[in-house]
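Both backbone and side-chain heavy atoms feed into the values below; hydrogens, waters and symmetry mates do not.
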Amino acid sequence: MLTDLRVRDLGVIEDLSLSFAEGMTALTGETGAGKTLVVEALQLVLGGRANPTMVRAGATEAMVEARFVRATPEGEDEIVIARSVPADGRSRAWIDGRMVPVNALSDIASELVEIHGQHAHQSLVTPAAQRAVLDAYAGTDLEPVHELRARLRGIAAAVDALGGDIQQRAREADVLRYQVTEIATAHLSDPDEDDQLHLEETRLADAGAHREAAARAGNLLESTSVDGSGGAHGGGDRRGDGGDGDGVLALLADATGLLAGREAFDELRERINASAIDLSDVARGLRDVVEGWEDDPERLIAVQERRRLLADLRRKYGADLQAVMAFAQDAAARLHDLENAEAKAEQLEAERTALVKELVVAEEKVRAVRTNAAARFGTLVGERLADLAMPGARVEIRVGSEGAGDPIEAALGANVGEPVLPLAKAASGGELARAMLAIRLVAMGGPQTMVFDEVDAGVGGAAALSLASALGEVSLTRQVLVVTHLAQVAAKADQQITVQKGEVEGRTLTSASPVTGEQRVIELSRMLSGHPDSDVARAHARELLGV
């Protein structure tokens, strides 16, 4: 329900804060005081159309904020909505302090408030809302229809996934078959194959130079020639091509000998020995290269051709061989589906045909329920309208003749002898508001908060009392806000707020405040006779209030 509303710089309102309670709240005041402006502010914060002319003269923007409390399975949920309308520029909206598109307010409005008035968006004039009201009254079980429709949508999606008609599927299968065969012929098994082939190509392309480099490196490690000075050499000419001079392994052996028998160097000597062992393995590997690597032009050509093939596959099917292999798997699976598509299509069509038959039966049941309920519903709404100063009003709930009965349309003949027209075209603002009230009395539902503006237009006497009772009946289960000129309606409210217009420093200002006790009696006296000081009017007001 709506708990708080704050309006700033909107029309003649400079800064107005109102709090609302459960039950029924009446907004009263002289004509032109700004009662309807409060409703317009509520419409604005719920996504209604904004106009810069709404901004109070001299202000940069109008601002409306509303706080709602909603019941949830866990307890209560609070939501705060705000809307600003600048004097120049586009309006902005917030939900719980987070800026949102303005249309987000309209989306949430239908869950929070239902406003009925001449200039308000009438939720119940839409076919969807009228269908929901009738279904709520009739207790229509729509689950079978929804389930069958969902299953049919699933079958339609499955048919689409098959790939169109038989010719389209055949063309796609031919392409996939070529792609799968091309990749399969390449016999891909290792995603790192091209990296390995790159190394092999490099070696084969320059095998002689590789062998020479390996031989020279091996000589540097293994050469045992000496420079004539004997022992450990400190300044001999050691050439990088393996010429005169001790090899690294010999030098390491000399170093180990120098440290032998000296316990202080045992750890270091062991590390030298370990290095010598590692380098000895390297030297053997280099000898293997020298002895085993030979020029192989045919193998080089084969490697280069294989790499070109792999590059071509990557260009067509993926950034690397792993992607190419994944593409092949997906393509093979899709090809399998296509090759079996005809059988699958026949199966899906059989399922669809059976479901359509079931749906026809289910929709006929729903249509029958709606049709049977529509007559009773229209009669009851018409009876309620008779109590609301619309005697002779006729209401028809029209149900479609096909499917589940859509569209559902509520039609109203507001007066005797007038045609029965769709609800939005058949009534004035006050009549439409009363029609909405009557509908809600017959089929309670909708948002927790209901606002009625001009619902009392053209109503008086006993009809005013009936209208007050009807609004009070709705307020037993809903929060009701009603803008009214009728004392009978205002007296029925649980809370009354008086809207007043005054002048401050040469500017017109609208203010509003709750009235209770004797102040409420005085306000009702004004509404009854225009003379708040009249003893007769005050006595009548107390009678209406039951005090």
Side-chain angles (χ1 to χ4, degrees), residues 154 156-218 220-221 248 274-275 277-345 347-348:
V159 171
D160 289 341
L162 291 178
D165 59 31
I166 185 171
Q167 289 81 14
Q168 290 175 315
R169 290 196 291 270
R171 289 193 295 270
E172 184 182 358
D174 283 344
V175 173
L176 288 171
R177 195 173 293 111
Y178 172 82
Q179 294 172 330
V180 169
T181 301
E182 183 179 29
I183 298 173
T185 303
H187 300 293
L188 301 179
S189 60
D190 185 356
D192 297 323
E193 179 185 1
D194 193 52
D195 295 335
Q196 298 167 8
L197 289 174
H198 172 69
L199 294 175
E200 185 177 1
E201 181 184 9
T202 302
R203 177 177 66 80
L204 290 171
D206 201 10
H210 285 343
R211 286 196 304 273
E212 181 181 352
R216 294 176 66 184
L220 287 172
L221 291 175
V248 172
S275 298
I277 292 172
D278 288 341
L279 290 175
S280 180
D281 288 340
V282 173
R284 282 194 296 273
L286 291 172
R287 283 199 304 273
D288 292 342
V289 169
V290 173
E291 296 170 0
W293 283 18
E294 296 180 358
D295 291 331
D296 191 345
E298 293 183 359
R299 175 59 183 167
L300 176 59
I301 293 173
V303 168
Q304 290 173 337
E305 290 180 349
R306 178 67 175 176
R307 291 200 69 204
R308 281 193 291 272
L309 172 62
L310 298 181
D312 189 48
L313 293 177
R314 290 198 305 272
R315 179 179 59 81
K316 294 179 180 179
Y317 305 117
D320 52 37
L321 291 184
Q322 184 71 49
V324 174
M325 295 165 70
F327 178 91
Q329 290 180 340
D330 293 341
R334 174 61 177 160
L335 179 60
H336 179 271
D337 289 342
L338 287 174
E339 290 174 341
N340 294 276
E342 296 314 309
K344 183 65 173 176
Q347 175 190 343
L348 290 173

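Counting heavy atoms from C-beta on, the side chains of Asp337 and Lys344 never come closer than 4.5 Å. Considering only heavy atoms from C-beta on, Gln179 comes within 4.5 Å of Leu176 through its side chain. Inter-residue side-chain proximity for Asp190 and Leu321 is flagged as unmet; no heavy-atom pair is nearer than 4.5 Å.
Residue pairs that meet the ring-ring contact (aromatic ring centres under 6.0 Å, His included) test with at least one member in residues 302-324, sequence neighbours left out, are Tyr317-Phe327.
The line from NE2 of His198 to CD of Gln304 is 12.0 Å long, rounded to the nearest 0.5 Å. If you take CG on Leu188 and CG on Leu309, they are separated by 7.5 Å, rounding to the nearest 0.5 Å. Of the inter-residue distances, the one linking Asp174 atom CG with Glu172 atom CD reads 10.5 Å to the nearest 0.5 angstrom.
Qualifying side-chain hydrogen bond (donor to acceptor under 3.5 Å, both in side chains) partners for Ser275, counting only residues two or more places apart in sequence or in other chains: none. Under the side-chain contact (heavy atoms from CB on, under 4.5 Å) criterion, Asn340 pairs with His336, sequence neighbours left out. Qualifying side-chain contact (heavy atoms from CB on, under 4.5 Å) partners for Glu298, counting only residues two or more places apart in sequence or in other chains: Asp296. Listed by chain and number, the residues in a side-chain hydrogen bond (donor to acceptor under 3.5 Å, both in side chains) with Asp195 amount to none (sequence neighbours excluded). For Gln329, the side-chain hydrogen bond (donor to acceptor under 3.5 Å, both in side chains) criterion is met by no residue, not counting sequence neighbours. For Arg307, the salt bridge (Lys or Arg N to Asp or Glu O under 4.0 Å) partners are Asp194, Glu201, not counting sequence neighbours. By the side-chain contact (heavy atoms from CB on, under 4.5 Å) test, Ala328 pairs with Ile183, sequence neighbours left out. Considering only residues two or more places apart in sequence or on other chains, Asp330 meets the side-chain contact (heavy atoms from CB on, under 4.5 Å) condition with none of them. Evaluation of the salt bridge (Lys or Arg N to Asp or Glu O under 4.0 Å) rule for Asp320 yields no partner, not counting sequence neighbours. Applying the salt bridge (Lys or Arg N to Asp or Glu O under 4.0 Å) test to Lys316 and every residue at least two apart in sequence or in another chain returns Glu182, Asp312. With sequence neighbours excluded, no residue satisfies side-chain hydrogen bond (donor to acceptor under 3.5 Å, both in side chains) with Arg171.
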Determine, step by step, whether Arg334 and Leu338 satisfy the side-chain contact (heavy atoms from CB on, under 4.5 Å) criterion, reporting the C-alpha distance in whole Å, the side-chain angles of both residues, the deciding distance to 0.1 Å, and the verdict. CA-CA 6 Å; Arg334 174 61 177 160; Leu338 287 174; 3.5 Å; yes
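Between Gly318 and Ala323, the shortest heavy-atom distance links the atoms CA-CB, 3.8 Å. Annotation for Ala319 and Arg314: closest pair O-CD, 3.6 Å, computed over non-hydrogen atoms.
In terms of modelled atom types and a separation under 3.5 Å, the side chain of Arg306 and the main chain of Ala186 share a donor-acceptor contact.
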